[in-house]
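This report concerns only the one structure given below.
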Amino acid sequence: MHSNCISYQPNTMISPSSNLTSLSSSDHKLAGNFVSRGLFFLLDVQILELFLALFVFIAIHSLRQKKRYGLPIWPFLGMLPSLISGLQGNMYEWMTDIIISQNGTFRFKGPWLSSLNCVVTSDPRNLEHLLKTKFPNFPKGHYFRDTVRDLLGDGIFNADDETWLRQRKTSSIEFHSAKFRQMTTESLFELVHSRLLPVLESSLNSSAAIDLQDVLLRLTFDNVCMIAFGADPGCLRVGLPEIPFAKAFEDATEATVLRFVTPTCVWKTMRFLDIGNEKKLKRSIKGVDEFADEVILTRKKELSMQSNSMMQRSDILTVFMRLKDEQGVPFSDKFLRDICVNFILAGRDTSSVALSWFFWLLDRNPEVEEKILGEVCGIIAEREDGKMKESSSNSLVFKPEEIKKMDYLQAALSEALRLYPSVPVDHKEVVEDDVFPDGTAVKKGTKVIYAIYAMGRMEAIWGKDCREFKPERWLRDGRYTSESAYKFTAFNGGPRLCLGKDFAYYQMKYAAASIIYRYRVKVVKGHPVVPKLALTMYMKHGLKVNLCKRDESELQKYFK
Ligand code: HEM
């Protein structure tokens, strides 16, 4: 290839000139055309070869960088080609492989002038540093806030500094109050026994499989709306109806997530022109606001009447309505709306998605299901009114203190969350230049992604059996023992630790125990189970299952 390029001499191609002089003028023209075409052709070939050589050089250079940076870095495009190919398969597995090969941290270089540059880490030391030790230096940041502001406003999920702290303090007091606990326990009892179990029971009569993920999403949506607004939208009902508020909420979150993969100037222009995804977002936010406005208005009327029902309420909306800001002014309707919408977003899908992965894992690990059933029946057997009576009753209701005792079930749920965390990746922005404990320097404005999914699959953290589903790793002397939040980050850590963590465990344990005690959940053979690419780790195709009712003789063996 090189010899061809270098030895090519255009002048030598025109000789022997003597033969040319004896030709007529038209022949001359023809010959001239022929020669110049030949020349251009050869020039083309030469340019092509040059480009080819350049490309090979760049490719070799880029691929060589793979060893050092984890991925090839292409001129202008950075690591984008690898990201695109990663997106074709399981994105989280792809990210895990790179992180492991880079010992826990790597720098992603996006295309020139893009906002994709970031540092990705799953090193527990770095997580402790950014979530706790240097917490003020790693807020959610402007980029995140601007992108989700239309939907989330100034609510807790989208706020930093004082705005966040004020909501956090108030909500935290509320979440730990006895009144709030009673309200959440009662609302869950109502939802599971009057809605979830009848919906599941009705599916027994039809031979068609049901989408368990959809059913669970409806359960937790209704539940979190009761907690945030004190209002039940009624998504979980026999027939699984479409509820305008739930639909508007889902559409609004999906459209907001799309903004993260659209250049900022593009979505802002689309918003200005009110077209495409932005039009859909605007319309769905309107649907969310209509519901919120109506609930707020009704509650204000109740408040002005000082009605008895108002005094009993302990939902987030009522709690914030009773309060005033630093100037002694009640919070605006817009702020109240933001607070509630954020709570719904935070507590809406996380538990249901975790439960879906949990039931799928149980299907693949029947010995774990056996142990859970053994534990549940053992706890029922301790009741004073006797095991025989309870085991035969379809109307069995678990008491809160019994749910608390279910250590093995809690371990199995934690194990599901370790392998399939509901929030697979999270992010922060750097305020001032800093250095992570592993030596990675991060400049002001850098985006930091912490890869929670990858953390659950690192031998360095969980040992050689890290990819196995083993609830026993959470037990010490048969009792559930929690892990450091910087090793098991499914609920975040530090000052922004999930506020709903205790409630989420209660909710998941209550729903799981109530289902497992009554039914065997069998995933439909061949049903594809893969994660969806979103902020929450949904199953892309849902979870199609068939339920089989447990008969009494089956349960009796666990009571022995
Ligand atoms: C399995 C269930 C759950 C998981 C895995 C989970 C996980 C998380 C994570 C990772 C965060 C941090 C998000 C971030 O800052 O970017 C978070 C925050 C939060 N979660 Fe949960 N969550 C769950 C259930 C709930 C429930 C049921 C509620 C409410 C009823 C809730 C309320 C909140 C709130 C209010 C925050 C914001 C805390 C703050 O920023 O200070 N979560 N959760």
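For the single chain, residues carry numbers from 1 onward in sequence order. Counting starts at 1 for both ligands and their atoms, in listed order. Quantities reported herein were computed from a predicted structural model and do not represent experimental measurements.
- Under the 4.0 Å criterion applied to side-chain N and carboxylate O atoms, Glu369 and Lys522 are not assigned as salt-bridge partners.
- The shortest contact between atom 13 (C) of ligand 1 and any protein heavy atom is with Asp426 OD2, 3.4 Å.
- The pair Glu278-Arg259 meets the salt-bridge criterion, with a side-chain N (NZ, NE, NH1 or NH2) lying under 4.0 Å from an Asp/Glu carboxylate O.
- Residue Phe343 approaches ligand 1 through these ligand atoms, each under 4.0 Å from one of its heavy atoms: 35 (C).
- Counting heavy-atom neighbours within 6.0 Å of Arg467 CZ, excluding the residue itself, gives a total above 12.
- A side-chain donor-acceptor contact under 3.5 Å links Arg457 to the backbone of Leu419.
- Interface atoms of ligand 1 facing Lys140, defined by a heavy-atom separation under 4.0 Å, are 14 (C), 15 (O), 16 (O).
- The Ser422 neighbourhood of ligand 1 comprises atoms 5 (C), with distances under 4.0 Å to a heavy atom of that residue.
- Protein atoms of type N/O/S that fall under 2.8 Å from atom 21 (Fe) of ligand 1 number 1 in this view.
- Between Lys140 and Asp426, none of the side-chain N atoms (NZ, or NE/NH1/NH2) sits under 4.0 Å from a carboxylate O, so this pair counts as no salt bridge.
- Among residues at least two apart or in separate chains, side-chain hydrogen bond (donor to acceptor under 3.5 Å, both in side chains) pairs with a member in residues 333-342 are Asp289-Arg337, Lys300-Asp333, Lys334-Asp338.
- Distances between N or O atoms of Lys428 and those of ligand 1 include no value under 3.5 Å.
- Remark: ligand 1 and Trp164 share an N or O pair separated by less than 3.5 Å (distance only, no angle test).
- Figure legend: Lys447 and Tyr143 shown as a cation-pi pair, the cationic atom lying under 6.0 angstrom from the six-membered ring centre and within 45 degrees of its axis.
- In this structure, atom 5 (C) of ligand 1 lies nearest to the protein heavy atom Ala490 O, 3.5 Å.
- Using a 4.0 Å cut-off between charged side-chain N and carboxylate O, Glu483 and Arg418 make no salt bridge.
- Under the 4.0 Å criterion applied to side-chain N and carboxylate O atoms, Arg218 and Asp222 are not assigned as salt-bridge partners.
- At a 3.5 angstrom cut-off on N or O pairs, Arg496 counts as close to ligand 1.
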